[in-house]
Amino acid sequence: MKDEQALSVCRLGRERLSEIVLFLLLLVCYTYVLPRWADPNQNSRLDMVVAVVDDGTFQIDDYVENTVDYAKVGEHYYSDKAPGVAFLGIPVYAVLKGFLNLPIMDGVMDWLVDNEALKATLREGGTGLLEHKVCFAIAQVALAFMASALPTALMGVLMYRLLARFTARPWPRVGVVLGYGLLTPAFAYAGAFYGHQLSAACLFIAFYLVFMETMGTKSLSTRSLLAVGLLLGYSVVTEYPSILIVGILFLYTFYLLSDRRRIAWVILTGALVAAGWMAYNTAVFGSPLELGYGHSELWTEQHHTGFMSLTQPHWGAIWGITFSPFRGLFVLSPLLLLAVPGFVLWCRSGEHRPEFWIALASVLAMFLFNSSSVMWWGGFAVGPRYLLPMLPILFVFREWQNRVWVRVLSIVLFAWSLIATWGLTLAEQAFPPDTLRNPLVEYAWPNWQMGNIARNLGMFLHLPGVISLLPLLVGVTVLLAALWFLSHRELVPMAGIRSV
């Protein structure tokens with residue numbers, strides 16, 4: 001008995017160490033490449049953060065020239081984005097501002113000006129490395145780290161832990177987490193000051209709390225119920241389309257409660273988030289349910305078509321977000337094609353039936369939303385970014401784990417996804433424009449040939465172009481080796497992905 005207890009403790013310790021290494025691996029990959037500079041989508045949110053902290057107002061009049069994503073009310077300009085990411089960024093920037101005003105910033109400026117690797121990434125005819133722009137960029141890095149990179153890395157760890165309910169083998173779980181975190185559009189947006197990954201993390205963590213605590217007991221603590229309500233509410237105020245999955249998860253939570261009156265705790269914290277959001281809308285746009293998109297000066301035709309650009313699913317969008325070379329998810333991340341047999345096998349297994357319907361309904365809801373939008377491509381983007389909230393629901397199927405063709409197919413799909421996702425994410429200084437029909441061929445390949453790689457931490461070591469990625473390659477190799485070492489006694493043939 002003592003030997004069994006000792007073995008159990010050792011396994012638990014190894015699991016926790018594996019989770020730490022996995023967290024670091026994801027975080028290194030997300031933070032190594034800096035957020036895209038001069039990105040109107042990120043700037044819209046960043047402008048709001050800076051305006052609140054520096055000027056004490058939601059008005060972005062002094063910064064609006066750096067974005068096209070703004071709303072105009074009267075004679076003043078505001079961010080037209082869902083405010084959740086900016087709300088989170090306000091206290092972060094308030095703390096950071098004290099450091100940006102230190103005299104050491106003068107030394108940082110001198111150091112940056114002499115860096116040839118960084119200067120090579122600047123656009124010809126630009127203003128160069130001005131001090132206020134450098135401070136703005138530093139703030140963007142810090143905010144993207146807190147609002148996107150950290151939540152996504154944490155989500156990866158929780159995903160690894162949740163998948164233990166499906167298979168105890170570590171490497172299938174590692175493969176699923178790394179497949180999601182590094183080989184889908186989630187990789188591109190985990191290092192950017194967008195709302196997609198924060199919203200996805202809120203949804204997944206809420207699902208994780210409900211699923212893990214109700215396994216076999218149908219009991220959720222009051223603290224967890226309060227957290228679920230907070231997470232679901234904040235997901236909506238961060239990315240409005242996530243309300244589709246929020247509704248599904250709310251019903252799921254209600255269904256699993258043994259005392260369904262306790263759903264009031266979820267409603268309580270969700271309502272508090274909603275109240276804060278409505279107070280913001282009233283202060284800025286004049287009505288609790290008035291959205292910034294209704295006041296956008298640009299894209300007015302799109303925003304006023306149907307219901308906030310939503311009409312009905314159409315074939316152009318369906319093809320565009322699936323198999324088109326323009327924004328096709330399965331062209332960028334073909335490993336997600338394994339979701340199709342995954343859903344079939346999961347359904348046949350009869351396991352975790354409520355969770356099966358939750359996963360399927362979430363995928364279908366977001367797919368129908370994206371294919372109904374007249375702006376389905378998402379502007380300058382890596383893949384169909386509006387689908388990001390549905391991607392974290394991944395599972396391992398065990399039925400085919402010993403079939404050689406499954407392993408070979410998985411390796412091929414993972415390799416393609418790596419080349420396509422990293423090729424697009426790391427190319428140039430902006431996400432691919434929506435004027436190119438085949439970004440992989442017309443954008444990623446030419447920029448990699450020229451060595452025009454996104455700004456990254458390697459360039460601070462004066463490493464130019466593609467060579468600047470060498471420290472990242474070394475770090476990833478070391479961390480993967482550590483994962484292998486921690487779980488080598490339990491290694492089994494790699495399984496595929498059960499479902500998205």
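Because the structure is a prediction, the values reported are computed rather than measured.
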- Message: Determine whether R173 and E15 satisfy the following criterion, salt bridge (charged side-chain N to carboxylate O under 4.0 Å, His left out), listing intermediate values before the conclusion.
- Response: CA-CA 11 Å; R173 291 184 280 145; E15 279 282 284; 3.1 Å; yes

- Within a strict 4.5 Å, meaning less than it, do heavy atoms of the F380 and P40 side chains meet? no

Mind listing the side-chain donor-acceptor pairs of residues 27-35 below 3.5 Å, one per line with the distance, residues two or more places apart or on another chain?
unit_1, atom_1, unit_2, atom_2, d
Y30, OH, G181, O, 2.9
T31, OG1, L27, O, 2.7
Y32, OH, G458, N, 3.1
Y32, OH, S468, O, 2.4

- Message: Between F207 and Y252 (judged by ring centroids, cut-off 6.0 Å), do the two rings come close enough to count as a pair?
- Response: yes

- What's the shortest heavy-atom distance between L183 and S417, and which atoms? O-CB, 3.6 Å

- Please answer whether the main-chain N or O of F193 pairs with a side-chain N or O of Q42 as donor and acceptor at a distance below 3.5 Å. yes

- Got T214 and L220 here, is their nearest side-chain heavy-atom distance under 4.5 Å? yes

- Here the pair of heavy atoms bringing R36 nearest to A454 is NH1-CB, 3.5 Å

- Would you find more than 12 non-hydrogen atoms of other residues, nucleotides or ligands less than 6.0 Å from W376 atom CH2? yes

- Task: Return the minimal non-hydrogen interatomic distance between L391 and P185, and the atom names on each side.
- Result: CD1-CD, 4.2 Å

- Is the ring centre of H352 less than 6.0 Å from the ring centre of F166? yes

- Task: Using a 4.5 Å cut-off on heavy atoms from C-beta on, say whether the side chain of R385 contacts that of F431.
- Result: no

- Query: So, do W445 and L440 sit near enough that their side-chain heavy atoms are less than 4.5 Å apart?
  - Reply: no

- Query: Partners of T435 by side-chain hydrogen bond (donor to acceptor under 3.5 Å, both in side chains), sequence neighbours excluded?
  - Reply: none

- Sequence neighbours excluded, the answer for side-chain hydrogen bond (donor to acceptor under 3.5 Å, both in side chains) partners of T425 is none

- Query: How close do S371 and I321 get, heavy atom to heavy atom, and via which atoms?
  - Reply: N-CD1, 4.1 Å

- Within-4.5 Å side-chain heavy-atom neighbours: L469 and N456: yes

- Message: With a 3.5 Å distance limit and no angle check, can you tell me whether R437 reaches the backbone of D434 through a side-chain donor-acceptor pair?
- Response: yes

- Task: Decide yes or no for L483 and S18: does some side-chain heavy atom of the first lie under 4.5 Å from some side-chain heavy atom of the second?
- Result: yes

- Can you find a pair of side-chain heavy atoms, one from L209 and one from L225, that are under 4.5 Å apart? no

- Query: Considering residues at least two apart in sequence or located in another chain, which fulfil the side-chain hydrogen bond (donor to acceptor under 3.5 Å, both in side chains) criterion with T282?
  - Reply: none

- Item | Of all pairs that satisfy side-chain hydrogen bond (donor to acceptor under 3.5 Å, both in side chains), the ones with a partner from residues 183-195, not counting sequence neighbours | D39-Y194

- Item | Listed once per pair and sorted, the side-chain hydrogen bond (donor to acceptor under 3.5 Å, both in side chains) pairs that draw on residues 230-241, sequence neighbours left out | R45-E239, S199-S235, S235-S242, Y240-W277

- Query: Of all heavy-atom pairs between P151 and L198, which one has the smallest distance, and what is that distance?
  - Reply: CG-CD1, 4.1 Å

- Separation between CD (E355) and CD1 (I358), nearest 0.5 Å, reads 7.5 Å

- Item | Nearest non-hydrogen partners of P389 and L203, listed with the distance | CB-CD1, 3.9 Å

